[in-house]
Amino acid sequence: MAKKESTSPSNFIKNIVEEDIRAGKHNGRIHTRFPPEPNGYLHIGHAKAICLNFDLAAEYKGLCNLRFDDTNPTKEETKYVEAIKEDIHWLGFDWDDRLYYASDYFKILYEYALKLIEKGKAYVCDLSPDKIREYRGTLTESGKNSPYRNRTVEENLELFEKMKNGKFENGKCVLRAKIDMSSPNMNMRDPIMYRILHTKHHRTGDKWCIYPSYDFTHGQSDSIEKITHSLCDLGFEGHRPLYNWFIENLEIFPSRQIEFARLNLSYTVLSKRKLRELVEGNFVSGWDDPRMPTLSGLRKRGFTQKSIRDFCERIGMAKAESLVDIALLEHCLREDLNKRAQRVMAVLNPLKIIIDNYPEGKTEELDAVNNPEDASMGMRKVPFSKEIFIEQNDFMEEPPKKFWRLSPGKEVRLRYAYFIKCEKVVKDAAGNVVEVHCTYDPKTKGGNAPDGRKVKATLHWVSAKQAINAEVRQYDRLFSVENPLAEQDDFKEYLNSDSLKILTNCKLEPSLENAKSDTQYQFERLGYFLIDSKDSSNKKLVFNRTVTLRDTWARIQKAQKSDKK
RNA sequence: UGGGUCGUCGCCAAGCGGCAAGGCACAGGGUUUUGGUCCCUGCAUUCGGAGGUUCGAAUCCUCCCGACCCAGCCA
């Protein structure tokens with residue numbers, strides 16, 4: 001009997017959904033939404049929420065809306081909504097015609113407010129912000145009622161009308177829900193529903209000068225859209241009673257809020273505010289700096305949407321606060337890139353090799369495989385000649401234990417070319433190795449010795465005459481500590497000073513002259529690279545290093561170093 | 001000192017009374033013209049702690065310990 005099954009792992013949200021379906025709730029209908037505020041760029045933490053909402057809906061044959069939560073005109077801008085839409089599409093999700101804005105509901109929300117006032121459940125309060133805070137009490141002490149709490153319905157209606165009509169300046173008064181100033185839940189101590197903001201809104205312009213608060217908007221928006229499961233992060237747990245209170249008192253469709261733990265990733269920060277600090281302080285080149293955990297940054301760096309989605313699935317979904325190892329993200333990335341990246345040879349830190357017994361002026365075109373994981377990607381030709389470049393760290397005059405690469409008297413293979421043997425080292429006055437003379441064995445063409453002798457190492461190389469120059473930007477982790485926010489000092493003190501190294505004298509095989517900006521390359525033995533979408537040109541090629549290959553030798557070296565200590 | 005939530009391997013995370021899934025990381029070994037990939041193997045007698053209920057508990061009960069969130073006219 002064939003067994004199928006490839007459903008993603010179970011989690012507490014799916015359990016709830018399945019229970020609801022079993023119980024026939026909403027006739028088994030599942031409808032979610034992703035509700036970003038257009039006040040910044042999306043990062044990989046948002047990707048977790050996006051995948052959760054869209055994938056959950058898809059798995060249960062439901063729908064997922066995109067809704068901009070735009071109730072604070074002082075912080076929101078159209079440019080962010082465009083960027084957010086682009087990022088979600090890039091991840092491969094689509095909301096069809098279900099693009100909504102909380103601001104679409106301003107009129108209904110206003111009517112909802114009227115309804116609550118009429119039911120005696122809301123009132124206009126003239127207390128100043130300071131007084132409101134004072135009256136709210138503390139975590140352990142009950143608050144006290146506002147002196148304006150018992151205004152009549154008529155009076156409230158009239159004042160709220162005036163608020164709407166711009167009769168008051170900012171901060172003069174607010175509309176509050178009349179709940180319970182002694183509630184142990186601070187959110188229930190007569191929360192603010194509307195505040196006065198004489199600010200132009202990115203969509204409604206000057207139409208309104210009062211704006212609803214998050215609490216008076218979110219649940220109702222969910223309700224209006226008939227959202228069945230409203231997923232948000234743990235920070236809103238304490239708001240759930242209020243979310244339900246508005247829905248119950250308004251007697252509208254009962255969406256259900258469920259909270260999950262937000263993503264934390266090691267060696268970076270995932271908070272709009274903190275990321276903004278990095279951008280505004282010029283610690284990075286912008287929101288799309290390849291070191292940023294923003295979706296635009298990851299994209300520019302060369303991350304694939306598939307790897308991010310895979311990551312979001314593998315980290316699971318729970319309520320325990322956690323710090324996910326960035327190594328898992330890198331693993332997902334390498335796994336995807338390994339299957340699809342076009343292999344090429346590139347030398348980042350060139351060392352000149354002269355093959356003394358190779359004919360002067362001769363050039364051979366050697367066959368190279370484009371992707372050993374995918375035969376359909378075919379073959380290409382790579383030129384070979386007397387002078388070539390290899391990586392500086394592939395040669396050591398005095399090799400340590402386990403170093404199998406080139407060193408005096410040693411023989412190695414040049415990938416797809418020949419075996420070469422190191423004969424002589426040339427140094428400059430300062431003692432630096434400037435070039436290395438080798439001899440080659442003509443019988444090893446293609447990389448195999450007819451006599452069956454083996455070499456331990458295979459090196460990548462680029463023919464000097466045909467090499468093209470390029471700049472390569474090597475990116476690394478943004479921070480030098482796992483959890484920068486857990487440190488005593490300001491998190492910016494822990495930025496990794498080596499997170500970007502720019503190499504300007506890199507040598508690439510000639511096929512890269514026509515490198516495409518949307519093609520992922522593997523520079524053999526080094527890592528995965530992508531053309532920089534902004535700075536690369538025909539005149540000057542610029543590649544970004546997405547991620548290195550796993551490097552066993554580097555780990556051995558590290559171990560050897562720490563052994564000596 | 002109020003309220004809410006969480007605590008299963010180094011990092012995530014299944015498990016929902018029948019005797020600890022999986023992934024990452026790590027450690028060994030095999031294959032290999034990338035020290036890559038791939039393939040094997042190992043990696044929690046134990047589920048924050050202590051009691052209790054039960055033939056049987058990570059799963060139920062009690063108490064304790066620890067961590068996080070809430071006092072914006074932000075979301």
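Values reported hereafter were calculated over all heavy atoms of this structure, with side chains retained and with hydrogens, waters and symmetry mates removed. Every chain is numbered from 1 and lettered A, B, ... according to where its sequence line falls, protein lines coming before strand lines.
Among the heavy atoms of the strands lying under 4.0 Å from A/Ser10 are primed sugar atoms or P, OP1, OP2 only; no base atom is included. Across all strands, A/Leu175 comes closer than 4.0 Å to no nucleic acid atom at all (heavy-atom distances). A/Gly171 comes within 4.0 angstrom of a nucleotide base, judged by non-hydrogen atoms across all strands. Using a 4.0 Å heavy-atom criterion, one finds that A/Leu459 contacts no nucleic acid atom at all. Using a 4.0 Å heavy-atom cutoff across all strands shown, A/Phe236 reaches at least one base atom of the nucleic acid. At the heavy-atom level, A/Thr140 lies under 4.0 Å from base atoms of the strands shown. Base engagement by A/Glu524 is indicated by at least one non-hydrogen atom pair under 4.0 Å involving a base atom. Residue contacts for A/Asn11: at a heavy-atom cut-off of 4.0 Å it reaches the sugar-phosphate backbone alone, with no base atom in range. Residue A/Ile132 is in base contact, counting any heavy-atom pair closer than 4.0 Å across all strands shown. Across all strands, A/Thr71 comes closer than 4.0 Å only to sugar-phosphate atoms, never to a base (heavy-atom distances). If you check every strand for non-hydrogen atoms under 4.0 Å, A/Lys75 touches sugar and phosphate atoms only. A/Asn39 comes within 4.0 angstrom of nothing in the nucleic acid, heavy atoms only. Residue contacts for A/Arg555: at a heavy-atom cut-off of 4.0 Å it reaches the sugar-phosphate backbone alone, with no base atom in range. Across all strands, A/Arg133 comes closer than 4.0 Å only to sugar-phosphate atoms, never to a base (heavy-atom distances).
With C1' as the reference atom, B/A21 and B/C16 are 15 Å apart, rounded to whole Å. Nucleotides B/C38 and B/G51, compared at atom P, are 47 Å apart to the nearest Å. Comparing the same atom, P, in B/G66 and in B/C61 gives a spacing of 22 Å after rounding to whole Å. For the P atoms, the distance from B/G3 to B/C63 is 14 Å, rounded to whole Å. Rounded to a whole angstrom, the distance from the C1' atom of B/C55 to that of B/G4 is 39 Å. Look at the C1' atom in both B/A13 and B/U8: the space between them is 9 Å, to the nearest Å. Rounded to whole Å, the separation between the P atoms of B/C60 and B/C6 comes to 12 Å. Here, B/C43 and B/C11 have their C1' atoms 14 Å apart, quoted to the whole Å.
In B/G72 the base sits syn relative to the sugar, since the glycosidic angle is no further than 90° from 0.
Taking 4.0 angstrom as the limit, A/Thr552 places a side-chain polar atom (N or O) nearer than this to OP1 or OP2 of B/G36. Using a 4.0 Å cut-off, no side-chain N or O of A/Arg550 falls inside it from OP1 or OP2 of B/G35. Using a 4.0 Å cut-off, no side-chain N or O of A/His460 falls inside it from OP1 or OP2 of B/U34. Close to B/G4, at under 4.0 Å from its OP1 or OP2, lies no side-chain N or O of A/Arg240. Between A/Arg136 and the phosphate of B/G72, there is a side-chain N or O to OP1/OP2 separation shorter than 4.0 Å. Under 4.0 angstrom from either OP1 or OP2 of B/U34 there lies no side-chain N or O belonging to A/Arg413. Contact annotation: A/Arg189 side-chain N/O to B/A71 OP1/OP2 distance is not under 4.0 Å. Considering only side-chain N and O atoms, A/Arg314 lies nowhere under 4.0 angstrom from the phosphate OP1 or OP2 of B/A14. Contact check, A/Asn15 against B/G15: a side-chain N or O comes under 4.0 Å of OP1 or OP2.
Spacing between atom CG of A/Asp215 and atom C1' of B/C70 amounts to 12 Å, rounded to whole angstrom units. Going from atom CZ of A/Arg33 over to atom P of B/A75 covers 15 Å, rounded to whole Å. Following rounding to the nearest Å, A/Met396 (CE) and B/G35 (P) show an atom-to-atom distance of 16 Å. With rounding to whole Å, A/Phe260 atom CZ is found 17 Å from B/C12 atom P. Here B/C16 presents its C1' atom at 12 Å from CZ of A/Arg22, a figure rounded to the nearest Å. The NE2 atom of A/His331 sits 14 Å away from the C1' atom of B/C11 (whole-angstrom rounding). If you take CE of A/Met193 and C1' of B/G72, they are 17 Å apart, rounded to a whole angstrom. Here the P atom of nucleotide B/C11 and the CD atom of A/Glu321 are 15 Å apart, to the nearest Å.
No close placement of the A/Tyr80 and A/His202 rings is indicated, their centers lying 6.0 Å or farther apart. Aromatic ring centres of A/Tyr521 and A/Phe529 lie farther apart than the 6.0 Å criterion allows. Checked against the 6.0 Å centroid criterion, the rings of A/His239 and A/Tyr243 do not qualify as a close aromatic pair.
Between the base of B/G36 and the side chain of A/Glu373 there is a donor-acceptor pair shorter than 3.5 Å. No N or O donor and acceptor, one from the side chain of A/Arg334 and one from the base of B/U37, sit under 3.5 Å apart. The base of B/U34 is paired with the side chain of A/Gln522 by a donor and an acceptor separated by under 3.5 Å.
For the pair A/Asn72 and A/Thr138, nearest-nucleotide mapping onto RNA chain B gives the more 5' position to A/Thr138. For the pair A/Leu323 and A/Leu328, nearest-nucleotide mapping onto RNA chain B gives the more 5' position to A/Leu323.
When both pairing distances are held under 3.5 Å, B/A14 makes no Watson-Crick or G-U pair with any nucleotide shown. Searching all strands for a Watson-Crick or G-U wobble partner of B/U5 with both distances below 3.5 Å returns B/A67. Judged by Watson-Crick or G-U wobble contacts below 3.5 Å, the nucleotide B/A20 has no partner. Base pairing analysis places B/C73 opposite nothing; no Watson-Crick or G-U wobble pair with both distances below 3.5 Å involves it. B/U54 is unpaired under the criterion used here, namely a Watson-Crick or G-U wobble arrangement in which both key atom distances are under 3.5 Å. Nucleotide B/U59: unpaired (no Watson-Crick or G-U wobble partner with both distances less than 3.5 Å).
Here the straight-line distance linking atom CD of A/Glu134 with atom CG of A/Leu127 works out to 8.5 Å at 0.5 Å rounding. Distance CZ/A/Arg343 to CZ/A/Arg415: 9.0 Å, rounded to 0.5 Å. One finds the CG atom of A/Leu348 at 7.0 Å from the NE2 atom of A/His460 (value rounded to the nearest 0.5 Å).
Classified by interplanar angle (parallel below 30°, tilted 30° to 60°, perpendicular above 60°), the ring pair A/Phe479/A/Phe491 is tilted.
Looking at A/Arg176, A/Lys131, A/Arg151 one by one, the single match for salt bridge (charged side-chain N to carboxylate O under 4.0 Å, His left out) with A/Asp126 turns out to be A/Arg151.
A distance cut-off of 5.5 Å between ring centres, combined with a plane angle under 30°, leaves A/Tyr214 outside any stacking arrangement with the base of B/A75.
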Determine, step by step, whether A/Met186 and A/Leu139 satisfy the side-chain contact (heavy atoms from CB on, under 4.5 Å) criterion, reporting the C-alpha distance in whole Å, the side-chain angles of both residues, the deciding distance to 0.1 Å, and the verdict. CA-CA 7 Å; A/Met186 301 293 286; A/Leu139 294 177; 3.9 Å; yes
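The minimum heavy-atom distance between A/Lys14 and A/Pro9, with the atom names listed, is NZ-O, 3.2 Å.
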